[in-house]
Each structure stands twice: as structure tokens, then as C-alpha cells.
Amino acid sequence: MSLVEAARAVRENAHAPYSGFKVGAAIRAASGRVYVGCNVENASYPEGTCAEAGAIAAMVAAGETEIVEVAVIADAERPVTPCGGCRQRLAEFSRPDTTVRMATLSGTVETASMAELLPRAFARSHLGR
Ligand code: THU
């Protein structure tokens, strides 16, 4: 199964009764294993979480910290780009040349590197670590 297909499958489980906008994300980590996540909204709106955050949490919980490739999918006219907060979350575990595939249900896929999505990212190096 491709990374986009994994994101498409997990999107079905999204809990998005408020926005009606289901999102799926899949991450390939350094081991080759794939971790998936979907958005999980809440009646207290700000407590909702993005699909990417779920996939990152699954990866870290499994003991991995290196993202090789990312896929995000939604039912939209044009491919959905990760929100600003998720760009920062992804950057924590990515490299500037890590590929992010952004897909629509109808089959359009656009790709961008993390450096394109989040240039001049704030990183641990700024903290001197
Ligand atoms: N959302 C994601 O899960 N990932 C993105 O990259 C963009 C937005 C979710 C958050 C919210 O549940 C819904 O999409 C509408 O913003």
C-alpha cells in the first residue's frame, strides 16, 4: 500500500462532526514502518487534533523519531497543505528535503519538501541543543 493509500484508509476513521472535513495522514519512518493518524475533533473546538499530530504521536510512541516521507489527504478541490502548527510538528522529526505528498480523494497529488513548506524553521539548533 502506498503512503497516500494508507492516509486515504485512515481518513475514514476521522472524527470530524463539527467541521465535516475528514483528514488522513501517513508517515513513513526510518525503519520503513508506516504510522497513520486522522483528525479527532472535540465539542470543545480548540481541543481537536490534526491528522498529522496523530500520526506523529503513533510514530513516537512506537519508538521512532525520523520521518522519511509524509502523505496527507482530504476531500477538497485542491490538495490540503499541513497547517502551520503541523508544519512545525513535522519539522521536529524531518529533514529539509523530506517529501510531503498532499492528495485529494479524486486523485490529485502535489508534493513539496519540508523546506518549501516551512522555510527558516525554528529548530532545536536555535536552543543550542
Ligand atoms: N486538519 C488536519 O487534520 N490536518 C491539516 O493539515 C489541515 C486541517 C483538520 C483540523 C480540523 O479537524 C479540520 O481539518 C478542519 O480544519
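We count ligands from 1, going down the list as the structure has it; atoms in each ligand are counted the same way. Just so it is clear, the model here is predicted, and its values are computed rather than measured. Counting from 1, the numbers follow the sequence of the chain as shown.
Heavy-atom neighbours of Glu92 CD from other residues, nucleotides or ligands within 6.0 Å: above the threshold of 12.
Remark: Arg120 CZ to His126 NE2 distance equals 8.5 Å, nearest 0.5 Å. Of the inter-residue distances, the one linking Cys86 atom SG with Leu117 atom CG reads 11.5 Å to the nearest 0.5 angstrom.
Using a 4.5 Å heavy-atom cutoff, the side chains of Val100 and Arg87 are not in contact.
Listed by chain and residue number, Tyr45 satisfy the ring-ring contact (aromatic ring centres under 6.0 Å, His included) test with Tyr18 (two or more places apart in sequence, or in another chain).
The two atoms that bring Ser31 and Glu64 nearest to each other are OG-OE2, 2.5 Å, heavy atoms only.
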Per-pair distances, ligand 1 N/O vs protein N/O, less than 3.5 Å:
unit_1	atom_1	unit_2	atom_2	d
ligand 1	3 (O)	Ala51	N	2.9
ligand 1	4 (N)	Glu52	OE1	2.9
ligand 1	6 (O)	Glu52	OE1	3.4
ligand 1	6 (O)	Glu52	OE2	2.6
ligand 1	12 (O)	Asn39	ND2	3.0
ligand 1	12 (O)	Glu41	OE2	2.5

